[in-house]
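Structure first, commentary second.
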Protein chains: 2
Amino acid sequence: MVESRRRAIEDVASELFRANGYAGTSVRDIARALSLQGPSLYAHVTSKEDVLWAIVDRAASRFEAGADAALARAGSERPGDPVHAMAALVRAHVHAVTEDVGDAGVFVNEWRSLAPARREAILARRDAYEDRFRNLIAEGIGVGAFGITDPAVASTVILTALNGVVTWYEPDGRLTADRIADHLVGLIGRMLACETL
Amino acid sequence: MVESRRRAIEDVASELFRANGYAGTSVRDIARALSLQGPSLYAHVTSKEDVLWAIVDRAASRFEAGADAALARAGSERPGDPVHAMAALVRAHVHAVTEDVGDAGVFVNEWRSLAPARREAILARRDAYEDRFRNLIAEGIGVGAFGITDPAVASTVILTALNGVVTWYEPDGRLTADRIADHLVGLIGRMLACETL
DNA sequence: CCTACCGATCGGTAGG
DNA sequence: CCTACCGATCGGTAGG
């Protein structure tokens with residue numbers, strides 16, 4: 001199957017880019033991981049950067065779909081409850097990271113290696129993704145549910161903490177993805193909704 | 001002065017490594033930023049990796065010294081007050097990042113490019129640095145000042161959020177380093193010491 | 001600190 | 001999907 005070859009290349013490249021960076025990974029490194037010769041990859045892809053773009057694009061789509069589904073579900077379960085919605089958003093993000101740490105790591109750290117047009121496109125999507133957090137925090141402040149003052153700082157701090165999971169999550173480690181999500185929902189919920197500080 | 005040339009090379013390399021990664025920066029890139037020819041650098045350094053090591057090592061020393069000074073001061077100001085000590089630790093970390101985002105970015109993200117012996121040495125120092133946070137959190141839990149349960153998760157989440165400042169701090173931006181430190185002290189303080197969640 | 005140069009490796013193409 | 005190969009660039013050395 002033609003499509004699965006292309007997909008296998010992206011999967012292998014995703015893990016290598018995450019571990020060694022885009023510039024630190026050669027086309028021959030990717031080929032070797034698939035037991036191929038370097039030039040053979042070009043029967044399936046048109047350039048190294050196209051592979052990076054495919055990984056970043058699919059990772060972005062996965063984060064976006066996860067967040068939108070979480071917000072839709074939380075909105076129907078408990079309308080107008082920003083604490084509940086934030087918990088759903090945090091949980092969705094953690095699962096998007098842990099489901100594919102390769103893709104998530106490349107999405108978070110390697111987008112700088114994209115050519116300008118694609119880099120700007122992905123930056124716009126990252127901004128729109130962060131807006132989901134920022135708008136929800138502003139809403140929570142507005143209804144008096146959150147005791148903080150600056151939605152922009154809070155959303156950035158929360159997202160960097162969430163993206164940090166990509167650097168320390170171990171699939172066979174002491175904490176499952178669900179437990180990590182529980183911890184982050186708790187920690188971030190306290191940070192936002194605490195009433196005594 | 002011989003030493004200042006070496007230092008100028010490290011300073012330029014620090015910013016380039018942070019912006020483009022170690023593998024994405026060539027020796028000629030560093031030389032060009034100093035208006036030199038590539039091979040001329042080797043009159044002052046013995047290898048590209050030695051430059052990376054010098055940057056990572058001095059960044060680590062700066063983080064360590066800042067944290068130790070903050071803990072010593074907080075301990076003499078308010079002995080046995082983990083909330084106050086954590087605020088001092090957070091403030092020290094934010095300032096270590098904002099004082100030199102190049103060094104901090106390389107320390108946080110580029111240590112993977114070090115050869116094994118140096119990589120392990122820096123990992124040990126990173127672990128010891130994180131221990132300052134983890135031990136303080138465990139102490140705070142022990143005396144009932146913190147309402148959380150897992151010092152290891154909390155210290156990791158806090159440190160990734162603090163290190164994230166390197167990705168969004170802008171020296172001429174809307175927020176000064178001091179204001180950013182204020183925000184993080186507040187957000188992390190709420191996360192740890194909140195009593196109502 | 002320069003020019004000239006080294007072997008190795010880079011992303012990618014030609015042709016089968 | 002392979003072999004053979006391209007020009008460009010890599011980190012680094014020799015010799016001045």
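Naming: A, B, ... by sequence-line order, numbering from 1 per chain. Just so we're clear, the structure is a prediction, and the values are computed from it rather than from any experiment.
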Original post:
Do B:Thr25 and B:Asp29 get their side chains close enough for a donor-acceptor pair, meaning under 3.5 Å?
Top reply: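 The answer is no; no qualifying pair exists.
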
**OP:** Go through the side-chain N and O atoms of A:Arg125 and A:Ser61 and say whether any donor and acceptor fall under 3.5 Å apart.
**Re:** yes

Subject >> Bounds of contact between DNA chain D and chain A, in 5' to 3' order, using a heavy-atom cut-off under 4.0 Å >> reply: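 Counting from the 5' end, contacts occupy D:dC1 to D:dA4.
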
Original post:
How would you list all residue pairs meeting ring-ring contact (aromatic ring centres under 6.0 Å, His included) that involve residues 137-173 of chain B, not counting sequence neighbours?
Top reply: none

**OP:** Could you tell me which residues satisfy salt bridge (charged side-chain N to carboxylate O under 4.0 Å, His left out) with B:Glu77, sequence neighbours excluded, listed by chain and number?
**Re:** none

Subject >> Runs of at least three Watson-Crick or G-U pairs with DNA chain D, cut-off 3.5 Å >> reply: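 DNA chain D stems, ordered by first number: C:1-16 with D:1-16.
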
**OP:** Test B:Arg132 against B:Glu64 for salt bridge (charged side-chain N to carboxylate O under 4.0 Å, His left out), laying out the working first.
**Re:** CA-CA 10 Å; B:Arg132 294 169 169 87; B:Glu64 289 159 354; 5.6 Å; no

**OP:** Strictly below 4.0 Å, heavy-atom distances to any atom of DNA chain D: list the hits from residues 25-38 of chain B, or just say none.
**Re:** B:Thr25, B:Ser26, B:Val27, B:Arg28

Original post:
Using a heavy-atom distance cut-off of less than 4.0 Å, which residues of residues 111-118 of chain B contact DNA chain D?
Top reply: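 Those residues whose heavy atoms fall under 4.0 Å from DNA chain D, taken from residues 111-118 of chain B, amount to none.
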
Subject >> Cation-pi geometry met for B:Arg126 and B:Phe107 (6.0 Å, 45°) >> reply: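 Judged by the rule (NZ or CZ under 6.0 Å from the ring centre, within 45° of its axis), B:Arg126 counts as positioned above B:Phe107.
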
**OP:** State, yes or no, whether a side-chain contact exists between A:Phe17 and A:Asp103 at a heavy-atom distance under 4.5 Å.
**Re:**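 Not in contact.
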
Lys/Arg N to Asp/Glu carboxylate O, [X] vs [Y], below 4.0 Å:
X: A:Arg91; Y: A:Asp182; answer: yes
X: A:Glu110; Y: A:Arg18; answer: no
X: B:Arg118; Y: B:Asp50; answer: yes

Subject >> ring pair (Phe, Tyr, Trp, His ring centres under 6.0 Å) between A:His93 and A:Tyr129, worked out >> reply: CA-CA 11 Å; A:His93 193 97; A:Tyr129 185 80; 5.6 Å; yes

Original post:
If two hydrophobic side chains count as joined below 4.5 Å and joins carry through other members, does B:Phe133 share a cluster with B:Val143?
Top reply: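 No; B:Val143 is not reachable from B:Phe133 via cluster members.
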
